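Bear in mind that the values here come from a model prediction, so they are computed numbers and not experimental data. Whatever order the structure lists them in is the order used to number ligands and atoms, beginning at 1.
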Amino acid sequence: MQDIIKNLPKLAKDKHKENKNFFAKLKKKPPKQLDYIMQELHNEEFKRTDCLECANCCKTTGPLFTDKDVVRIAKHFKMKQQQFIDTYLRIDEDKDYVLQSVPCTFLGADNYCSIYDVRPKACSEFPHTDRKKFQQISNLTLQNVAICPAAFNIVEEMKKRIKV
Ligand code: SF4
Ligand code: SF4
């Protein structure tokens, strides 16, 4: 897995133009059954991919924290919300709460998330490949294929399965 992760930015770069063209066409005319196809591709890929062998998303990016995430996670730590924010978060250029540093401070050496049951919504949904109307998050997906081996494989399968 580590070799795959190491090579992923280059692989994604090599595929970038092809992926960009594919998503541009997909956006114009998404197939009617796109949600269904994505759910299937997502499920198939995550049967093969074990996130505990990877954790590259937690190591290299980190999620946005919504207000609801902050309330829930601060409560979990029995901290005041402001205290939680001051300890772990910063505001980024889009004015969103993000981690002060990566790898995520809640990631264990065994790749387990220490706040798994209350983790941010963005973490539970990453890499968003089972999202409805998937064509609408193509810019995000173009970035995620360089971080997430599962997202990379899913996009490769999409291009085989969907003729645009
Ligand atoms: S979601 Fe993707 S990047 Fe994150 S741990 Fe799973 S395979 Fe790795
Ligand atoms: S909160 Fe958990 S799932 Fe989210 S980035 Fe941190 S370790 Fe990963």
Fill in: Residue and atom name of the nearest protein heavy atom (relative to atom 5 (S) of ligand 1), distance in Å to one decimal
A55 N, 3.2 Å
Worksheet item: Nearest protein heavy atom to atom 6 (Fe) of ligand 1, by residue and atom, and its distance?
Response: C51 SG, 2.3 Å
Fill in: Option with minimal heavy-atom separation from atom 1 (S) of ligand 2, where the choices are G62, P120, C58
P120
Response to the item:
Candidates A122, C123, G108, C104; heavy atom nearest atom 3 (S) of ligand 2 found on C123
Worksheet item: Linking I/L/V/M/F/W/Y whenever any side-chain heavy atoms sit under 4.5 Å apart, do M38 and I137 land together?
Response: yes
Which ligand 1 atoms does [X] reach within 4.0 Å, using its non-hydrogen atoms?
X    : answer
C54  : 3 (S), 5 (S), 7 (S), 8 (Fe)
C148 : 1 (S), 2 (Fe), 3 (S), 7 (S)
T49  : 7 (S)

Item to complete: Tell me, please, if C57 has any N/O/S atom, main chain or side chain, under 2.8 Å from atom 2 (Fe) of ligand 1?
Response: no
Practice prompt. Look at the N, O or S atoms of C113, main chain and side chain alike, and state whether any lies under 2.8 Å from atom 8 (Fe) of ligand 2.
Written response: no
Fill in: Parallel, tilted or perpendicular: rings of F46 and H42 (30°, 60°)
tilted
Worksheet item: Hey, is NZ on K163 packed in by over 12 heavy atoms from elsewhere, all under 6.0 Å?
Response: yes
Discussion item. Between Y88 and F84 (judged by ring centroids, cut-off 6.0 Å), do the two rings come close enough to count as a pair?
Written reply: yes
Item to complete: Measure from the ring center of F106 to the ring center of F77 and say whether it is less than 6.0 Å.
Response: yes
Discussion item. A side-chain contact here means heavy atoms from C-beta on lying under 4.5 Å apart; do M158 and L26 qualify?
Written reply: yes
Discussion item. Using salt bridge (charged side-chain N to carboxylate O under 4.0 Å, His left out), reason through E156 and K160 one step at a time and then give a plain yes or no.
Written reply: CA-CA 7 Å; E156 290 308 298; K160 285 185 209 156; over 6 Å; no
